[in-house]
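Here is the structure we will look at, set down as C-alpha cells.
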Amino acid sequence: MKQKIINETFLFTILAIVMGLLVGAVVIFISGYNPIEAYGLMIKGIFSKPKYIARTIIRATPLILTGLSVAFAFRTGLFNIGAEGQFIIGALTAALLGYFIQLPMILHVPIVFLGSVFIASLWGAMAGYMKAKFGVHEVIATIMLNWIALYTSNYIISLEKVKMPGSESSYDIQETARMSIDWFKGIVGASTKVNFGMVIAVLASILIYYILFKTTLGYELRAVGYNKDAAEYGGIHIKRNIIVSMSIAGALAGAAGAVHVMGVSYRASTLAAMEGYGFNGIAVSLIGNNSPFGVVLSSFLFGGITYGGANMQLLGIPTEVINIVIGSIVFFVAAYRIFQWITIFFNHEKPQKEDR
Amino acid sequence: MLKDIAFIFGTTFMYATPLLYGALGGVFSENSGVVNIGIEGMMTIGAFSGAASTFILLELYGNALWVPWAGFLIAGLAGCFLALLHAIACITFRADQVVSGIAINFLGPGLAMFLGGRIFGGSGTTPTIPLEAKLIRPFDTILKGKPLLGMMLNQYISVYIVFSLVGISWYILYKTKFGIRLRAVGEHPKAADTLGINVYQMRYIAVLISGFLSGLGGASLSMAIIANFRPTLVSGQGFIALAAMIFGKWKPQGAMWACLLFGVTTALQIYLGSPAVGLKISTHLLSMIPYIITLIVLMGFVGKSSGPAANGIPYEKGKR
Amino acid sequence: MDYLKSHIDLNELVIDMRKITKKFGDFVANDCIDLKVYKGEVHALLGENGAGKSTLMNILYGLYTPTNGEIYIKGKKVDIKNPNVAIHHGIGMVHQHFMLIKPFTVAENIILGIEPITSFYQLNMKKAIEDVEEISKKYGLYVDPRAKIEDISVSMQQRVEILKALYRGAEILILDEPTAVLTPQEIKELIQIMRNLTKQGKSILLITHKLKEIKEAADFCTIIRRGKKIDMVEVSKIDENQLAAMMVGREVNFKVHKEEKRPGKVILQIKELTVEDNRGISTVKDLNLTVQAGEVLGIAGVDGNGQTELIEAITGLRKAKSGQILIKDYDITNKTPREVFESGISNIPEDRQKHGLVLDFTVYENMILENFRKKPFSKKFKLQKENIINFSKKLIEEFDIRPKDENNLARSLSGGNQQKVIIAREVTNDPELLIAVQPTRGLDVGAIEFVHKSLVDQRNKNKAVLLVSFELDEIMSVSDRIAVIYEGKIVGIVDAKKTTENELGLMMAGGGYK
Amino acid sequence: GGQQPQQKNESEDSQEREVLKIGMVTDVGGVYDKAFNQSAWEGLQRARDELGIEIGYQESKQEADYEDNLERLVEQENDLVWGVGYIMGKQVKEAALNYPDIKFGIIDNTYDEIPKNLQPVIFKDQESSFLVGYIAGKMTKTNKVGFIGGVKGDVIDRFEYGYMTGVKYANSDCELLSQYAGAFDKPAIGRSIAESMYGKGADIIFHASGDTGNGMIAVAQEKNKYAIGVDRDQSKEAPDHVITSAIKKVDNAMFNVAKDLKEGKWNGGETIVYGLSEGGVDIAPTSDKHVPKEILDEVEKLKKKIIDGEIKIPQNEAEYKAMK
Ligand SMILES: Nc1ncnc2c1ncn2[C@@H]1O[C@H](COP(=O)(O)OP(=O)(O)OP(=O)(O)O)[C@@H](O)[C@H]1O
Ligand SMILES: Nc1ncnc2c1ncn2[C@@H]1O[C@H](COP(=O)(O)OP(=O)(O)OP(=O)(O)O)[C@@H](O)[C@H]1O
Ligand SMILES: [Mg+2]
Ligand SMILES: [Mg+2]
C-alpha cells in the first residue's frame with residue numbers, strides 16, 4: 001500500500017514535469033522558435049560537459065538546503081516563508097566570520113560553517129518564538145524577518161570595516177574559510193567552483209530524514225504538525241517544538257547561505273532585492289513532496305532547468321520562459337488529479353460520484 | 001510640521017492602496033476556504049496588463065476618457081485569469097492550495113514579462129503612459145492651490161476605490177445572502193452543502209473576485225503610483241498584502257488597518273530619512289522600520305487568530 | 001405508546017426505499033435494503049457501528065447516489081440527486097456530526113440557503129430572527145436566535161439542527177444518533193419534542209444505539225447488520241434483549257460483571273479546587289474528591305457543570321485557580337501534562353479525534369504517543385521501530401482492533417476502533433489512576449461491552465478509575481461509588497449498588513444538595 | 001529576444017574564423033532595462049550593423065548567474081566578453097584570470113591590478129551630474145533642488161557629489177535636499193520622497209536610483225515640476241517635465257572597444273575612463289526643449305573647462321570636503 005502511494009506520487013511528479021515542459025514548448029513555439037532545438041540546447045547546457053554538470057550541481061546545492069528548510073517546517077505544521085531571510089543571515093555571518101577570524105583551515109571552515117548555521121538558526125527561532133509566545137502567525141513573522149534580514153545584511157556590508165572599497169560587497173573571506181575541492185578543477189575548469197556544499201546538502205537531507213522519521217524529536221515534531229491538541233495531551237511541549245522546528249529550519253537555510261559564501265561567492269553582497277533562494281526553496285520543497293529525498297531530486301530539476309535553460313537565450317528565447325516552465329510544473333504537481341481525470345476520461349469509466 | 005503630517009497622511013494612503021487591494025482579494029478567497037498565496041503573481045500580471053492595455057488602447061483610440069478605465073478593468077480580468085487557474089487546481093482538482101499559489105507566483109511574473117517582450121519588443125518594461133491616460137485624480141482641480149489638502153487628498157481614484165471597497169466588501173460579506181453563503185462555505189463546506197449551497201460555485205466566485213481585486217492592486221501601482229510596468233514593480237508587495245490579511249484576521253476592516261499600519265510606518269521611514277529631520281541614520285536601518293513595527297504591534301496587541309475553519313482544506317463532495 | 005400510535009397513518013407510506021444498494025469501490029455498505037416509514041411514526045434504525053445506517057440516510061438526503069434501488073416518497077418515485085431535491089420533497093436531516101457553522105448565530109445557521117432578503121440581496125436579519133422565534137414557538141423548541149453556535153450547549157445545537165430542518169418545511173425528519181451527545185434530561189426533552197412533532201403529522205427516522213430510547217420513543221424499528229436488512233419489527237412487541245441479539249447476531253451481556261472488592265488506599269485527592277473556564281468563570285468551585293485504589297468512581301452530572309474543566313485541571317491542560325491536586329501525596333497541581341502523566345495518570349479523553357489520536361499517524365505511531373521517549377520504544381533519541389511494531393501487534397491482538405494492521409493510518413479506522421486504540425494505549429500504561437471521559441460515546445453495544453470490561457479490569461487490578469459520563473446507565477453499572485457534580489461542586493457521593501436513577505437525577509438537578 | 005541568433009559553433013574552428021564575436025552579460029535589470037544594460041546592448045548592435053561583428057547576450061536573474069553567464073559566453077567562443085555593471089566586477093576579473101586567451105571587459109568598475117586581457121571602462125558620472133546640477137541651480141525658481149539616490153555606495157556618490165558641486169557652482173545659495181530610498185526598485189518610495197521634496201519647495205529633482213526614480217518622474221508630472229533623468233535620456237517618460245538627463249554613453253564605449261578590436265587594437269590592462277572629453281558622459285540631447293539657450297551655452301563652456309581640467313569635480317564626500 002505504502003509502496004504504491006510513493007510510486008504514484010513519483011509518477012504524477014514526472015507527468016507534471018512533462019506537462020510543464022510541454023507548456024513551455026507551446027510558449028516557445030508561439031514565440032516563433034523551435035521547441036525541440038530549444039530544449040536540446042537546455043539538455044546540452046546541463047549534460048554535454050562535466051563542467052556543466054558540475055555547475056548544475058553547484059546551483060542545486062543551496063536549493064536542497066533551503067528546500068529542506070521549507071520541507072522540514074512543513075512536516076511540523078509550519079509554513080516557513082522565511083528561508084530567504086535565513087539564507088541571507090547565514091551568508092552574512094559566513095562572510096563576516098570568514099573574513100575577520102584568522103585560523104588554520106581545519107578549524108576555520110567548521111567554525112565559519114557552524115557559526116553561520118547557529119546564527120541563522122537563532123534567526124529562524126525568532127519567528128518560532130513569536131508564534132509560541134505571542135501567537136504571531138509564522139507566515140507574517142517570516143515575511144517581515146526576510147526584509148529585516150535583507151536590510152540588516154545591507155547595513156552591515158555598508159560598514160567601513162566590512163565593505164571592500166570600490167565594490168558593493170564585503171571583503172572576500174580568507175582562503176582558510178573556503179570549502180572548495182581543488183582536485184576537481186582539472187576536470188571542470190578552474191572557474192567552476194566545485195565545493196563540499198553538495199556533500200553537506202546530501203548529508204543534511206539524510207540527517208533530516210533520520211531526524212524526522214527515526215528519532216523521538218522527529219516523532220514529536222510530526223505529531224505537533226499533524227495534531228497539536230493530541231500532541232499536547234500526550235505530554236509534548238508544543239511551544240518548545242515550534243521554536244525547535246523553526247530553528248532547525250533556520251539552520252538549514254542558513255547552511256545554504258554559508259555554503260554559498262564558503263564555496264562559491266566568498267563574500268556577501270549588497271542586495272538590491274531578494275535573491276530568491278528561499279522562495280525557490282518553497283517550490284523545490286513542494287515539487288519534492290516535502291520529503292527529504294524528493295527535495296534533493298527536485299533541486300536538481302530546478303537547478304538544471306534554470307542553469308541549462310539559460311542556454312536557450314542562444315536562440316534568442318527570453319529567459320521568462322523558464323519561469324513559465326517552472327510555474328507550470330509546480331501547477332501540475334498541485335493539480336495532479338488532472339491526470340487521474342484524464343485517465344478516467346480515456347478509459348470511458350464514469351468516475352464514482354463520491355470517491356473521485 | 002503641518003506639512004509633515006500632511007505628507008505622512010498622503011503617503012500612508014498611497015502606499016497602503018496596492019496592498020489593500022491584494023489583502024481584500026485574500027479576504028474573499030480565504031473566507032471561502034481557499035488559501036491564496038498567489039496574490040503576488042496576480043498583482044504582477046494585473047500591473048502589467050493594466051499598463052500595457054492602457055498603452056495599446058491609447059495608440060488605437062487616442063486619449064479617450066474611458067481608456068484608463070478599460071485598462072484598469074483589463075488588469076482585474078488578467079488577475080481573474082490567473083485566479084481561474086488557481087480555482088481549477090484548488091477547487092476542481094482539490095490541489096494543495098499553497099502549492100498552486102506558489103505556481104501562480106511563478107506564472108504571473110513569467111507571463112507578464114514574456115508578453116511584455118512579445119508586445120513591446122523584448123522588454124519586460126512597458127512604455128510609459130502619459131499623465132492624461134493614467135487613472136484620474138478626482139479632486140485634482142478642486143485641490144489646486146491648496147498644497148496641504150492636496151498632499152493629503154489629491155490621490156488617484158484607485159485610492160478612493162479601494163477604501164470604498166473595504167466598506168463594500170464588509171457589506172457583501174456580512175450583510176448579503178452571497179456573503180453569508182461564502183463565509184459558510186469557508187467555515188463548514190459540508191454543512192453548506194447539506195443546505196443545498198453549491199460549494200464549488202461559491203469558491204470559484206470568491207477566488208475569481210480575489211484575482212480581480214489583486215489585479216486591480218497591481219494596476220494601482222502601474223497606472224497611478226507610476227506610469228508603467230517594470231519587472232521589479234510588485235517585488236514582494238503581494239506577500240505583504242497576504243500578511244496584512246492575516247494580520248487583519250481575515251476581515252476587510254482588519255486588513256485595512258493592517259495596510260494602513262504598513263503605509264504609515266513606510267511614510268515614517270521616508271519622513272525620518274528626509275533631510276529636514278536630519279537624522280544621520282543609514283537608510284538600510286530606516287528601511288527596516290515598517291517590518292519591525294509590524295512585528296512589535298503583532299506581538300504586543302493583536303495576538304492569535306486562526307481564520308476560517310475550513311480555510312485551505314479542499315472540499316470533496318460525499319467525503320467525511 | 002398507544003398514545004403515539006394514534007398519530008400513525010398506516011395507510012400513508014411517506015418513505016419507501018426499495019432494494020437500495022450502495023457500493024464504495026468493492027465494499028457494499030448497503031445491500032438491497034428496504035425501508036418503509038409511515039406518516040406520523042417514529043421509525044428507528046438500529047445497527048452496529050458501520051452497519052450502514054448513516055449511508056442509507058445520506059442516500060435518502062441526496063448526499064450519496066445509490067448504486068441501485070428506487071426511492072418513493074408519498075407514493076411518487078423520486079430521484080434525489082442532491083440535498084436540494086430532498087429538501088424539496090420535505091426531507092430534513094440532522095446529521096450524526098452536527099452541520100453547524102460555529103461562528104454564526106443560531107438564526108444565521110437556520111436560514112442559511114433560504115435567506116430572507118430585502119432589496120439588493122441584502123439579508124433581512126430582522127425577519128430571519130422573527131421567523132426563527134416563530135417556528136421555535138410553534139414546535140416548542142426554544143432557542144436564542146442571536147446566540148452564536150460556539151457559545152451554546154450541545155443540546156441547544158441539536159435543537160438548532162432540528163429547527164433548520166423544520167424551517168425548510170420538513171415533513172420527514174432524519175435524526176442520526178441525536179442522543180449520543182445528550183444528557184438523560186436532554187434525551188427526555190428530545191423524546192418529548194419528537195412526540196410533539198409526530199403529533200403534528202411529521203414522520204421521524206431515528207438512528208440510535210440505545211435500545212432503551214427505541215423502546216421509549218419508536219413505533220417501528222428496522223434492523224440492519226453489515227449492510228443488510230435483518231428485519232422490521234413493531235417495537236412494542238419486542239424487548240431490548242431481542243433487539244440487541246438481532247442487531248449483533250448473538251446474545252449480548254448488558255450487566256457488567258464485577259466481583260466484590262474493598263477499595264484500598266487513596267490515590268487521587270482533590271482539595272478545595274477552583275478552576276476557571278475560558279471566559280474566566282469559575283466552573284469548578286472549591287471541589288473536594290478522593291478516588292481510591294481498586295474502585296471505579298463515577299462522576300455523574302449534566303453536561304456543563306464543570307466536568308470538562310475538572311478533568312483538564314487534573315491532566316494539566318488547564319491551570320487551577322486555587323486548591324490542590326495530589327496523586328499519592330505527590331502534588332501535581334498546575335504541572336504540565338507530561339509531569340501529570342509521569343506521576344501515574346492515564347486518560348481516555350472526551351474528544352478522541354482531537355485529543356486522543358494523531359489521525360495522520362499510523363496505528364503503531366499512535367500506540368506510543370505518551371511513551372515514545374521510554375525504554376523499549378526509544379534508545380537515547382532513536383526510535384526503536386521493531387519494538388514499537390511488536391508492541392502494537394500485541395495490543396491490536398489483545399484489544400481486537402480491526403483491521404489487524406498496525407500500518408494503517410488512524411484516520412482510516414472506524415470510530416469504535418479508534419477508541420480501542422486509545423483504550424489499549426492508556427490501559428497498557430498501567431496507571432495508578434485511569435481517567436475515562438465519555439469512553440463509549442457513539443459506540444455500539446459490542447464495543448461498549450468491551451470498554452466497560454476494560455475499565456473494570458483496571459479496578460480489579462487494584463488501580464483507581466475515574467469515570468465521567470452523562471449516561472446514567474453506564475455510571476451506575478460500572479462505578480463502585482458515584483459522585484454527583486452540580487455547578488462545580490460535588491453535591492453528594494452515593495454507593496452505586498444502593499442508589500437509584502431517581503435519586504441521582506434529583507441530585508444532578510441540584511435537588512439533593514443540602 | 002536577441003536580434004541575431006548566435007551560431008552554435010561546436011564544429012567551427014575558431015582559429016580560422018574571420019568574424020569577431022562579442023557577448024555581454026547583463027545584470028539583473030536584463031537587456032531591455034531602459035538603462036545602461038540596454039545602452040550597452042545598443043552599442044553592440046551598432047557594432048554588429050557597422051562592423052559586422054557577431055553579438056549575443058546573457059541575462060542574469062540573481063547574483064549566482066553572473067559567473068555562469070560569463071562562463072557560458074566563454075564557452076560560446078566569444079572573443080570579447082563584457083560584464084555590464086560594477087556589481088559583477090569580481091566575477092569578471094576572476095574569469096579574466098581563468099581565461100587568459102580571451103578578452104574581457106567590465107563597465108563601471110576598475111581594479112588596482114588589471115590583467116592584460118581585461119578592459120575596465122569607467123564613466124565620470126560626476127561630470128554629467130555636475131552639468132545637470134548646474135542646470136538645476138540656474139533654473140530653480142524656489143532656490144531649492146533635490147537629489148534622490150538609490151542605495152548609498154561609491155557609484156551613486158559620484159552622482160550625488162557631482163550634482164551638489166554643480167548646483168552650488170551655479171547658485172551658491174541654492175538649498176539642496178538629498179535623500180536615499182534604500183532601494184533601486186521601489187518606485188513608491190521614490191514617489192513619496194519626491195512628493196516630500198516638491199512639497200518642501202524644491203522645484204527640480206535629480207535622481208540616481210534606477211526604477212525608484214520612476215516614482216519621482218510620476219510626481220513631477222502630477223505636480224507640474226521639473227525632474228532630471230539619469231543614465232539614458234529619460235525625457236520620453238515625461239517629455240514636459242524631464243528637462244535633462246545625466247547620460248552615460250555605455251553604447252559608445254562598447255562600440256569603440258569593438259571597433260578598436262576589429263582594427264587589431266586592444267588596450268586591456270588599463271582602465272579607460274570615459275568622461276566628457278571622451279564623449280562618455282553628457283547631458284541629454286533633448287535638453288534644449290526646456291533649458292534656455294543661455295544656460296546651455298554656459299554648459300558648453302563648462303564642459304570645456306572640465307575637459308581642460310580647470311574645474312575639478314569631486315566623486316565622494318571626502319573629495320567634496322577637501323575641495324571646500
Ligand atoms: N464515503 C465513504 N467511502 C467509503 N466507504 C464508506 C463511506 N461512507 C461509509 N462507508 C462505508 O460504509 C459503511 C457504513 O457506514 P455508515 O456510516 O453508514 O455506518 P453506520 O451504520 O452509520 O455506523 P454508526 O453507527 O457508527 O454511525 C462503513 O463501514 C464504511 O465502510
Ligand atoms: N471516506 C472514506 N473512504 C474510505 N473508507 C472510509 C471512509 N470513511 C469511512 N471509511 C471506513 O469506514 C469504516 C467505518 O467508518 P465509520 O465512520 O462509519 O465508523 P463508525 O464506527 O461509524 O464511527 P463513528 O461511530 O465515529 O461514526 C472504517 O473502517 C473506515 O475505514
Ligand atoms: Mg458512523
Ligand atoms: Mg452513522
Side-chain angles (χ1 to χ4, degrees), chain B residues 3-4 6-8 10-12 14-15 17-19 113 116-118 120-125 127-128 130-132 134 137 140 147-148 150-151 154 156 221-222 224-228 230-237 263 266-267 269-271 273-277 282-288, chain D residues 1-3 28-35 38 41 59 61 146-147 149-152 175-193 195-202 210-224 234 236-241:
Chain B
K3 243 181 200 169
D4 295 330
F7 165 74
I8 289 178
T11 299
T12 300
M14 184 268 289
Y15 201 81
T17 295
L19 302 177
M113 283 176 243
R118 293 271 84 205
F120 301 107
S123 161
T125 308
T128 305
L131 185 60
E132 311 82 66
K134 288 173 78 174
R137 281 171 298 156
D140 194 33
L148 273 185
M151 212 170 219
N154 193 4
Y156 283 91
L221 281 162
S222 66
I225 289 179
I226 58 171
N228 58 13
R230 35 196 57 233
T232 55
L233 188 58
V234 178
S235 65
Q237 292 184 72
T266 307
Q269 166 207 335
I270 295 161
Y271 172 70
S274 74
V277 175
S282 157
T283 39
H284 299 302
L285 293 181
L286 288 175
S287 300
M288 291 181 205
Chain D
Q3 257 67 350
V28 290
V31 75
Y32 292 102
D33 66 346
K34 294 198 167 167
Q38 186 166 346
W41 179 237
E59 290 184 330
K61 296 255 176 268
F147 172 78
V151 180
K152 199 151 175 63
E175 194 184 330
L176 179 85
L177 307 172
S178 166
Q179 187 170 356
Y180 278 81
F184 288 105
D185 62 347
K186 295 250 162 25
I189 289 186
R191 193 186 155 91
S192 331
I193 294 179
E195 270 181 346
S196 125
M197 285 180 176
Y198 288 131
K200 290 235 154 70
D211 280 358
T212 300
N214 258 57
M216 170 199 81
I217 294 176
V219 181
Q221 269 184 307
E222 289 162 20
K223 294 201 180 280
N224 202 14
Q234 289 196 297
K236 258 200 202 143
E237 310 275 321
D240 295 331
H241 301 91

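So you know, we letter chains A, B, ... as the sequences are listed, proteins then strands, and number each from 1.
Side-chain contact check for B/F7 versus D/S192: some heavy-atom pair is nearer than 4.5 Å. Between B/L233 and D/K186 the shortest side-chain heavy-atom distance does not fall below 4.5 Å. Side-chain contact check for D/I193 versus B/S274: every heavy-atom pair is 4.5 Å or farther apart. Looking only at side-chain heavy atoms (C-beta outward), B/N228 and D/N214 come within less than 4.5 Å of each other.
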Could you list the donor-acceptor pairs under 3.5 angstrom formed by side chains in residues 217-224 of chain D, with sequence neighbours left out?
{"unit_1": "D/E222", "atom_1": "OE1", "unit_2": "D/R191", "atom_2": "NH2", "d": "2.8"}
{"unit_1": "D/E222", "atom_1": "OE2", "unit_2": "B/K134", "atom_2": "NZ", "d": "3.4"}
{"unit_1": "D/E222", "atom_1": "OE2", "unit_2": "B/Y156", "atom_2": "OH", "d": "2.2"}
{"unit_1": "D/E222", "atom_1": "OE2", "unit_2": "D/R191", "atom_2": "NH1", "d": "3.0"}
{"unit_1": "D/E222", "atom_1": "OE2", "unit_2": "D/R191", "atom_2": "NH2", "d": "3.4"}
{"unit_1": "D/N224", "atom_1": "OD1", "unit_2": "D/H241", "atom_2": "NE2", "d": "2.9"}

What's the verdict on side-chain contact (heavy atoms from CB on, under 4.5 Å) for B/I226 and D/M216, showing C-alpha distance, side-chain angles and the deciding distance? CA-CA 8 Å; B/I226 58 171; D/M216 170 199 81; over 6 Å; no

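Checked by atom type and distance alone, the side chain of D/Q179 pairs as donor or acceptor with a backbone atom of B/I270 at under 3.5 Å.
For a residue to count as touching a neighbouring chain, one of its non-hydrogen atoms must lie under 4.5 Å from one of that chain's; by this rule B/N154 does not touch chain D. For chain D, no part of B/A6 is nearby; none of its heavy atoms comes within less than 4.5 Å. Neither the backbone nor the side chain of B/D140 comes within contact range of chain D, judged by heavy atoms closer than 4.5 Å.
With sequence neighbours excluded, the residues satisfying side-chain contact (heavy atoms from CB on, under 4.5 Å) with B/S287 are A/Y151, B/Q269.
In terms of heavy-atom pairs under 4.5 Å with chain B, the best-connected choice from D/L177, D/V151, D/L176, D/D240 is D/L177. The choice from B/K3, B/M14, B/Q237 that makes the most heavy-atom pairs within less than 4.5 Å of chain D is B/M14.
When each of D/E237, D/Q234, D/K236 is paired with B/T128, the side chain to side chain contact (heavy atoms under 4.5 Å, CB included) condition holds for D/E237 and for no other.
Note: D/K152 NZ to B/T283 OG1 = 8.5 Å, rounded to the nearest 0.5 Å. Rounded to the nearest 0.5 angstrom, D/Y198 OH and B/M151 CE are separated by 12.0 Å.
Pairing each heavy atom of D/I189 with each of B/Y15, the nearest pair is CG1-CE1, 4.4 Å.
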